[in-house]
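Since the model is a prediction, treat every value here as computed from it, not as a measurement.
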There are 2 protein chains.
Amino acid sequence: MPDQHSTLRAQRRAETQRAIQAHAVRLFVERGYDATTVIDVAEAAGVSPMTVYRHFPTKEDLVLVDQYGRLLAERITASPAARPLVRRVGNALVDSATALTRSGTTGDLTPEGRFLLARLRLMISTPALRAKHLDNQYALQQAIVGALGEEAAEPDAAFHAQAAASACLAAMHTALVRWAEDEGRADLADLVRKALVAAFGDGILDG
Amino acid sequence: MPDQHSTLRAQRRAETQRAIQAHAVRLFVERGYDATTVIDVAEAAGVSPMTVYRHFPTKEDLVLVDQYGRLLAERITASPAARPLVRRVGNALVDSATALTRSGTTGDLTPEGRFLLARLRLMISTPALRAKHLDNQYALQQAIVGALGEEAAEPDAAFHAQAAASACLAAMHTALVRWAEDEGRADLADLVRKALVAAFGDGILDG
DNA sequence: ACCTCAGTGGTAGTCACTACCATGTCGGTA
DNA sequence: TACCGACATGGTAGTGACTACCACTGAGGT
């Protein structure tokens, strides 16, 4: 069974990766990003420095790598193409925020939410992380615009698409920063909704 | 005359800095950013590597440092505070674009415009430069929002201000990218105007 | 003539990251 | 059961960005 083979390997690999990232973020929070070397992270995780680099191409990726960016992009491209772009993006943002931070029953932060909060604080306060994070967001913006296809072929349409996509992502970013400053007490999905309404008016939201 | 003293010193320093940056950008364009070391730049400029670092804190700043960011910020904060933010920012962007790229009489690109074009292409194509450039833009956004003072104290107003400022800067960025892709043939101020209109409608522009 | 100090150069070191090769170990196969 | 292959990992040696510390020089101002 080659399926099970690769599956087990992948699980093993994913677990190692998760452990390395968890130790990295913990150390970065405790000692600061710049004051922590990749060797420190490797020792804490019980692996060699080379293994760290095998799982994370750069030190920044120890904080920035997550599944949510790809998940968000999939969610956006999977939404009905007939609807306006800002609604598609807006709903994907709100849905993701809800799923990621609160458990439905208790309303408390999920462990993933707490981890995201720690990573966000690092991203906001550390210049190197902030810069690369913004570049990732810009790449997502280009992916969103690219998903429009020929719709954005002419200059004017392209300007519109870039403006709409960047405004969506800026709204998300503003909401994330506010959420992090608030220590995660506010509801992230709510903040995203408010930021989107502030940028585009009430029309974006469903229901 | 302590004035002349510091003035002459500053001129000397500024000239060295300009020469280093010119050689750096030329080499980056010729050989590529990653394939060019700071030592290469230092040798080309006829100075020691340490002198390069004295004038530019990081290798990225060899491409990113310019006076226009500060100039733009001053222009924005100097504009009448009574007017809407997007109009203030928009007019400052259009004015700066006009001043920086075309001579009034011939309509050709100024040397500064050609230099800006080369730097822009590097910023767009090199990940490290793009990331730090986006972080600089984000810092400018925060400065713009900060210039609003208590106007943006409440959450809702802050969301509005962040959304407006980021949309302005995204419009500028879109125009700059389009201008660079067009090899500088189009009129930058025109592109900025079109991007602003695409984002906000006709209302932003004066006259 | 002397002093000051900004601008510059040298040396040695840290750290992120890479290329190349060796090892082990686990899953599938004869 | 004995073997094989492939992937995850470890080691070594290097490059390049960047810093800390100290020394020199030359152009002001007294």
Rounded to whole angstrom units, what separation is found between the [atom1] atom of [X] and the [atom2] atom of [N]?
X	N	atom1	atom2	result
A:Gln11	D:dA8	CD	P	13 Å
A:Met50	C:dT23	CE	P	15 Å
A:Gln17	D:dC7	CD	P	17 Å

Exercise answer: donor-acceptor pairs, residues 48-60 of chain B side-chain atoms, under 3.5 Å, sequence neighbours excluded:
unit_1: B:Ser48; atom_1: OG; unit_2: B:Met50; atom_2: N; d: 3.3
unit_1: B:Ser48; atom_1: OG; unit_2: B:Thr51; atom_2: N; d: 3.4
unit_1: B:Ser48; atom_1: OG; unit_2: B:Thr51; atom_2: OG1; d: 3.4
unit_1: B:Thr58; atom_1: OG1; unit_2: B:Glu60; atom_2: N; d: 3.4
unit_1: B:Thr58; atom_1: OG1; unit_2: B:Asp61; atom_2: N; d: 3.3
unit_1: B:Thr58; atom_1: OG1; unit_2: B:Asp61; atom_2: OD2; d: 3.0
unit_1: B:Thr58; atom_1: OG1; unit_2: B:Lys132; atom_2: NZ; d: 3.2
unit_1: B:Lys59; atom_1: NZ; unit_2: B:Tyr33; atom_2: O; d: 3.0
unit_1: B:Lys59; atom_1: NZ; unit_2: B:Thr36; atom_2: O; d: 2.8

Worksheet item: Is there a residue in residues 24-32 of chain A whose heavy atoms reach under 4.0 Å of DNA chain C, and which residues are they?
Response: none
Discussion item. Under 4.0 Å, heavy atom to any atom of DNA chain C: which of residues 54-64 of chain B qualify?
Written reply: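 Output list: B:Arg54, B:His55.
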Worksheet item: Nearest of D:dT12, C:dG10, C:dT8 to any side-chain atom of B:Arg13?
Response: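 Between D:dT12, C:dG10, C:dT8, the one nearest the side chain of B:Arg13 would be C:dT8.
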Worksheet item: If you check the B:Tyr53 side chain, which of D:dT9, C:dC17, D:dC18 turns out closest?
Response: D:dC18
Excluding sequence neighbours, so at least two apart, what forms side chain to side chain donor-acceptor pair (under 3.5 Å) with [X]?
X	value
B:Asn91	B:Asp206
B:His23	B:Arg26
A:Glu154	none
A:Arg114	none

Worksheet entry | Side-chain ion pair, A:Arg18 and A:Glu15, N-O less than 4.0 Å | yes
Worksheet item: Below 4.0 angstrom, N of the basic side chain to O of the carboxylate: do A:Glu112 and A:Arg119 qualify?
Response: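 Salt bridge between A:Glu112 and A:Arg119, a charged N being under 4.0 Å from a carboxylate O: no.
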Item to complete: Please determine, by modelled atom types, if A:Asp40 and A:Thr37 share a side-chain donor-acceptor pair under 3.5 angstrom.
Response: yes
Fill in: Nucleic acid contacts - residues 35-49 of chain A versus DNA chain D, non-hydrogen atoms under 4.0 Å
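Contacting residues: A:Val47, A:Ser48.
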Worksheet entry | Members of residues 120-137 of chain B that approach DNA chain D, where some heavy atom sits under 4.0 Å away |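 Per residue number, the list is empty: none.
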Practice prompt. Keeping the roles fixed (side chain from B:Gln141, backbone from B:Ala165), state whether a donor-acceptor pair exists under 3.5 Å.
Written response: no
Which pairs of donor and acceptor atoms, one on a side chain in residues 166-174 of chain A, lie under 3.5 Å apart (sequence neighbours left out)?
unit_1: A:Ser166; atom_1: OG; unit_2: A:Gln162; atom_2: O; d: 3.3
unit_1: A:Ser166; atom_1: OG; unit_2: A:Ala163; atom_2: O; d: 3.2
unit_1: A:Thr174; atom_1: OG1; unit_2: A:Ala170; atom_2: O; d: 2.8

Worksheet item: Applying salt bridge (charged side-chain N to carboxylate O under 4.0 Å, His left out), which residue pairs with at least one partner in residues 156-179 of chain B are found, sequence neighbours left out?
Response: none
Worksheet entry | Which residues share a side chain to side chain contact (heavy atoms under 4.5 Å, CB included) with A:Asp34, sequence neighbours left out | none
Item to complete: Could you check A:Thr98, A:Val192, A:Leu176 and say which one makes a side chain to side chain contact (heavy atoms under 4.5 Å, CB included) with A:Leu93?
Response: A:Val192
